[in-house]
Amino acid sequence: MDARRESDRRSNPADAVASDPGGANGGAGRREQILLAAQKLFAERGFRETNLNDVATQLGFRRQAVYHYFRSKDEILYELIDRAGQAIATSAQPMLDADIAPAEKLAEVVRNHVRQLLNNVDIFRIQFSELFKLNTDRADELRRDMSNYVHSIANVIKEGQEDGTFVDVPPTTQVLLILGMCNGTTEWYAGTRPRLSIEDIAEYAARLALSGVTGDRTRPGPKAVRRR
């Protein structure tokens with residue numbers, strides 16, 4: 001995935017150092033300013049209500065300065081979503097690779113997922129709202145990255161089912177239910193609330209996830225459930 005992004009940048013003349021009047025460091029800083037300003041505007045106004053001129057105005061730039069780095073607001077959106085998704089996947093990988101019990105592994109992955117979401121709420125709210133409305137090759141790549149992440153967690157569920165720890169419910173279904181619960185925190189979380197810290201919410205989510213996957217296996221499950 002890193003190689004793909006590097007390839008994208010090489011193919012975009014706007015990112016070439018030779019065309020960057022600020023030099024390599026200056027260009028990287030300017031690009032970062034644009035991304036952060038756009039994220040703020042997307043969160044406040046909505047992605048579809050924001051244009052590149054708004055981003056330029058927010059930063060006190062000429063519109064052409066923004067176009068130098070990004071040809072469209074869709075490119076900015078893809079970059080922001082990719083970064084956020086990479087942060088979750090990369091931070092989860094050591095836990096997924098760890099030689100620990102499936103229950104412990106799942107709990108750590110859930111805690112990490114919630115921490116990543118709530119430390120960057122704005123972009124995940126934008127992602128959940130916009131990504132599945134976009135029909136481009138880049139959007140398809142981002143959705144595939146999300147699917148790969150889901151399947152990596154499903155493998156943890158399978159491990160737990162094989163050793164008898166987890167209930168016999170289709171692994172991918174369980175993961176989607178767990179992540180849906182976690183992702184829903186972005187709708188109501190506010191960093192100013194003193195009673196619930198990010199760590200509190202991450203821990204509660206992990207407990208609820210484990211309660212579900214290790215539930216009472218003596219109860220009859222749903223009929224005719226086909227494992228995905």
Side-chain angles (χ1 to χ4, degrees), residues 1-93 112-113 115-149 183 185-192 198:
M1 285 181 281
D2 290 337
R4 188 189 71 228
R5 288 202 303 273
E6 186 63 28
S7 175
D8 288 345
R9 287 170 184 162
R10 284 197 299 266
S11 66
N12 183 356
D15 291 333
V17 173
S19 66
D20 178 8
N25 293 331
R30 182 65 59 87
R31 184 185 181 89
E32 194 67 23
Q33 284 181 291
I34 293 168
L35 286 166
L36 292 175
Q39 177 174 317
K40 182 174 184 292
L41 289 172
F42 291 166
E44 291 176 352
R45 302 183 183 182
F47 171 70
R48 298 182 185 281
E49 287 70 35
T50 303
N51 57 48
L52 291 186
N53 192 54
D54 296 327
V55 177
T57 300
Q58 176 81 7
L59 292 167
F61 295 167
R62 293 181 178 180
R63 184 174 58 183
Q64 290 79 0
V66 176
Y67 280 110
H68 178 75
Y69 297 96
F70 297 98
R71 290 167 292 187
S72 71
K73 67 176 183 178
D74 284 6
E75 283 193 1
I76 296 177
L77 179 66
Y78 295 146
E79 178 83 10
L80 291 170
I81 290 175
D82 197 11
R83 285 185 174 199
Q86 289 291 329
I88 287 185
T90 301
S91 58
Q93 198 59 51
N112 178 71
H113 190 89
R115 290 185 193 115
Q116 293 293 330
L117 291 178
L118 300 188
N119 277 302
N120 199 1
V121 172
D122 285 348
I123 189 53
F124 284 106
R125 285 175 178 161
I126 295 164
Q127 173 181 331
F128 299 150
S129 171
E130 298 297 334
L131 181 57
F132 286 88
K133 299 176 184 176
L134 299 170
N135 296 305
T136 65
D137 289 343
R138 185 75 191 278
D140 287 342
E141 288 178 354
L142 295 173
R143 287 189 284 265
R144 280 194 294 271
D145 288 345
M146 292 173 62
S147 180
N148 290 338
Y149 175 66
N183 294 347
T185 62
T186 62
E187 295 298 319
W188 52 264
Y189 173 75
T192 56
I198 290 176

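Not a single donor-acceptor pair under 3.5 Å links the side chain of Arg63 to the backbone N or O of Ala56. A donor-acceptor pair is defined here as one N or O able to donate and one able to accept, closer than 3.5 Å; no such pair exists between the side chain of Ser147 and the backbone of Arg143. The main-chain N or O of Tyr78 is never found under 3.5 Å from a side-chain atom of Asp82 such that the two would form a donor-acceptor pair. In this structure, the side chain of Ser91 engages the main chain of Ile88 through a donor-acceptor pair within 3.5 Å. Of the possible polar contacts, none joining the Ser129 side chain to the Arg125 backbone as a donor-acceptor pair under 3.5 Å is found.
In this structure the side chain of Ile76 reaches within 4.5 angstrom of the side chain of Phe42, judged on heavy atoms. Using a 4.5 Å heavy-atom cutoff, the side chains of Trp188 and Thr185 are in contact. Between Tyr69 and Leu35, every side-chain heavy-atom pair lies at or beyond the 4.5 Å cut-off.
To the nearest 0.5 Å, the span separating CG on Asp145 from CD on Gln86 amounts to 6.0 Å. Rounding to the nearest 0.5 angstrom, the gap separating the CD atom in Glu49 from the CG atom in Leu41 is 11.5 Å. For the atom pair Phe124 CZ and Thr186 OG1, the distance stands at 9.0 Å (nearest 0.5 Å). Atom OH of Tyr67 sits about 4.5 Å away from atom CG of Leu52, to the nearest 0.5 Å. Distance CD/Glu79 to CD1/Ile123: 10.0 Å, rounded to 0.5 Å. Expressed to the nearest 0.5 Å, how far CG of Asp140 lies from CG of Leu134 amounts to 10.0 Å.
With sequence neighbours excluded, the residues that form a side-chain hydrogen bond (donor to acceptor under 3.5 Å, both in side chains) with Gln39 are Asn120. The side-chain hydrogen bond (donor to acceptor under 3.5 Å, both in side chains) check on Asp122 picks up nothing, with sequence neighbours excluded. Taking the side-chain hydrogen bond (donor to acceptor under 3.5 Å, both in side chains) definition, one finds that Arg48 meets it with Glu130, sequence neighbours left out.
Aromatic rings from Phe61 and His68 are positioned such that their centres are separated by 6.0 Å or more.
Smallest separation of non-hydrogen atoms from Ala65 and Ile34: O-CD1, 4.2 Å. What you find for Phe132 and Met146 is that their closest heavy atoms are CE1-CE, 4.0 Å. Closest non-hydrogen pair, Ile198 versus Asn119, comes out as CD1-OD1, 3.5 Å.
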Test Leu117 against Phe128 for side-chain contact (heavy atoms from CB on, under 4.5 Å), laying out the working first.
-> CA-CA 11 Å; Leu117 291 178; Phe128 299 150; 3.9 Å; yes
Go through the steps to decide whether Arg83 and Glu32 satisfy the test salt bridge (charged side-chain N to carboxylate O under 4.0 Å, His left out), and finish with yes or no.
-> CA-CA 12 Å; Arg83 285 185 174 199; Glu32 194 67 23; 2.9 Å; yes
